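Predicted, not measured: the structure shown is a model, and the values here were computed from it. Just so it is clear: chains get the letters A, B, ... in the order the sequence lines come, proteins before strands, and each one is counted from 1. These values consider heavy atoms only, across backbone and side chains, with no hydrogens, waters or symmetry-generated copies.
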There are 2 protein chains.
Amino acid sequence: MTESVVLKKEIPPYNVFDERCPTRDVLARIADKWALLILARLENGPMRFNKLQRDIQRITKKVLTQALRKLERDGLVSREVFATVPVTVEYSLTPLGQALTETVTVLAHWVESNMDAIVAAQSAYDAANAQT
Amino acid sequence: MTESVVLKKEIPPYNVFDERCPTRDVLARIADKWALLILARLENGPMRFNKLQRDIQRITKKVLTQALRKLERDGLVSREVFATVPVTVEYSLTPLGQALTETVTVLAHWVESNMDAIVAAQSAYDAANAQT
DNA sequence: CCGTATCCCCAGGGATACTG
DNA sequence: CAGTATCCCTGGGGATACGG
C-alpha cells in the first residue's frame with residue numbers, strides 16, 4: 001500500500017523570541033516611542049510633515065524624518081508629494097499600517113486609562129525603596 | 001431662576017501627545033524592545049531570572065535587571081524571592097501587567113503574522129531607492 | 001514647506017569579572 | 001542562582017544652520 005505521507009505544513013517559523021528572526025528587528029523598530037506616536041497620530045488620516053512635527057512635540061525634523069523613512073520602508077506609512085509651491089508632503093497609513101495602528105492605539109489608550117494605577121505603583125515602589 | 005450649572009467632569013487630562021504628560025514617559029518605557037519581550041515572555045506564568053535571560057536571547061544580566069526594575073516600579077511586574085539555596089527569584093505579571101501584556105502580545109503576533117508583507121515592502125522600497 | 005548637512009554629546013547598552 | 005561592579009564605547013538623538 002502506498003503510504004500517504006502528510007508533509008508537515010511549513011508554517012513560517014517567525015518568532016520574536018528567536019534572536020535571528022527578522023521579526024525581532026521589526027518589533028524593535030515599532031517598539032520605539034517616536035514610531036508609536038507617529039502611527040497613533042496618523043490614525044485619523046493623512047498629515048503633512050510640519051503638522052506631524054507640531055503635534056508630536058519635542059521631536060526634531062531629523063528624527064521625525066528618520067522615523068518616517070523606517071516606517072515607510074516597512075510598508076506601514078506612505079509618502080505622497082504634491083507639487084505645490086512650496087512643496088507639500090503628506091504621510092498616511094497604508095492598509096498594513098492601519099491594521100497595526102489599531103493595536104498601537106489600544107496600547108496608548110491603555111496607558112492613559114491606567115495612569116493612576118501606575119502612579120500609585122511608582123509611589124509605593126519608591127516608598128519601599130527609600131534611601132535614608 | 002437658578003441656573004443648574006453642570007460642571008464639566010474633570011476627566012484626567014492624560015494624553016500621550018502632550019510632551020509634559022507623564023503617560024508619555026510610561027509609553028516610552030513600554031515602547032522598548034526589551035520591555036515588550038519580557039512582558040510577552042511572562043504571559044505564560046512566573047519565570048525565574050536566568051530562565052528569562054535564556055529565553056530572551058541576546059540580553060545581558062545588567063540590562064535585564066534594569067528593565068525588570070522599571071517594570072516593577074510601574075507596577076507591571078512583581079518580584080518574589082524564595083529562600084532556597086541558592087536563592088530563587090521569580091518574576092510574574094501583576095494584574096495590571098497582565099492586562100497590558102494582552103495588548104503587547106497582540107502586537108508581537110501581528111508582526112509575526114504580517115512579516116511576509118513587511119519583507120515585501122522592504123524589498124520594494126530598497127529596489128525603488130537603489131543607488132547608482 | 002520639507003527636508004539635509006554638520007557637529008556634538010553622553011546615556012545607555014555590551015562585555016567581562018566578581019559576590020552573597 | 002541572581003544579581004552588582006566596572007569599564008568601555010558608539011550611535012542615536014539634540015541643536016543649529018542651510019538648501020531646493
Side-chain contact test, heavy atoms from C-beta onward, threshold under 4.5 Å: evaluate it for B:L68 versus B:F49 and give yes or no. yes
Shared hydrophobic cluster for A:W110 and A:M115 (ILVMFWY, side-chain gaps under 4.5 Å): yes
Gap separating the CG atom of A:L76 from the CG atom of A:L71, nearest 0.5 angstrom: 6.0 Å
Does B:R29 place a side-chain N or O at less than 4.0 Å from the phosphate oxygens OP1/OP2 of C:dG12? no
Once you round it to whole Å, what is the distance between C1' of C:dG13 and CD of A:E19? 16 Å
How many whole angstroms separate atom CG of B:L64 from atom P of C:dA15? 15 Å
Quickly work out the B:L68 CG to D:dA2 P distance and round it to whole Å. 11 Å
Produce the list of close N/O pairs, under 3.5 Å, pairing protein atoms with atoms of nucleotides 17-20 of chain C; give distances to one decimal.
none

Could you tell me the separation between the CD atom of B:Q53 and the P atom of C:dA15, rounded to a whole number of Å? 11 Å
For residues B:R20 and A:R58, determine if any side-chain heavy atom of one lies less than 4.5 Å from a side-chain heavy atom of the other. no
Could you state the CD1-C1' distance from B:I38 to D:dA2, rounded to the nearest angstrom? 15 Å
Indicate yes or no for a side-chain donor-acceptor contact from B:T23 to the backbone of A:V111 under 3.5 Å, with no hydrogens or angles considered. no
Winner on side-chain proximity to B:V89, out of C:dA15, D:dG3, C:dG3, is D:dG3
Distances under 3.5 Å only, N/O to N/O: pair up the protein atoms with those of nucleotides 5-7 of chain C.
none

Between A:L39 and A:E43, is a side chain to side chain contact (heavy atoms under 4.5 Å, CB included) present by the stated rule, with each step listed? CA-CA 6 Å; A:L39 290 176; A:E43 201 188 18; over 6 Å; no
Does a salt bridge link A:R79 with A:E72, judged by any charged N lying under 4.0 Å from a carboxylate O? no
Assuming nearest nucleotide by heavy-atom distance, tell me which of B:R54 and A:D32 is located more 5' along DNA chain D. B:R54
Consider side chain to side chain contact (heavy atoms under 4.5 Å, CB included). Of B:I59, B:V89, B:L42, which one does B:L52 pass it with? B:L42
Once you round to the nearest 0.5 Å, how far does CG of A:N15 lie from NE2 of B:H109? 9.5 Å
Does B:R79 put a side-chain nitrogen or oxygen below 4.0 Å from OP1 or OP2 of D:dA2? no
In whole angstrom, what separates A:L52's CG from C:dG3's P? 10 Å
Do A:V16 and B:E112 come close enough that some side-chain heavy atom pair is under 4.5 Å? yes
Looking at B:R69, I'd like to know whether one of its side-chain N or O atoms comes within less than 4.0 Å of OP1 or OP2 on D:dG3. yes
The side chain of A:T60 is closest to which nucleotide in this list: D:dT4, C:dG13, D:dG14? D:dG14
Check whether any side-chain heavy atom of A:L37 sits under 4.5 Å from a side-chain heavy atom of B:F17, and report yes or no. yes
Five-pair end axes of the helix from C:dC1-D:dG20 to C:dG20-D:dC1, angle between them (10°): 60°
Does A:V77 reach the side chain of A:L93, with side-chain heavy atoms less than 4.5 Å apart? yes
Between D:dA15, C:dG13, C:dG3, spot the one nearest the side chain of A:Y91, thanks. C:dG3
Length of the NZ-P vector between B:K51 and D:dG3, whole Å: 16 Å
Length of the CG-C1' vector between A:N50 and C:dG3, whole Å: 9 Å
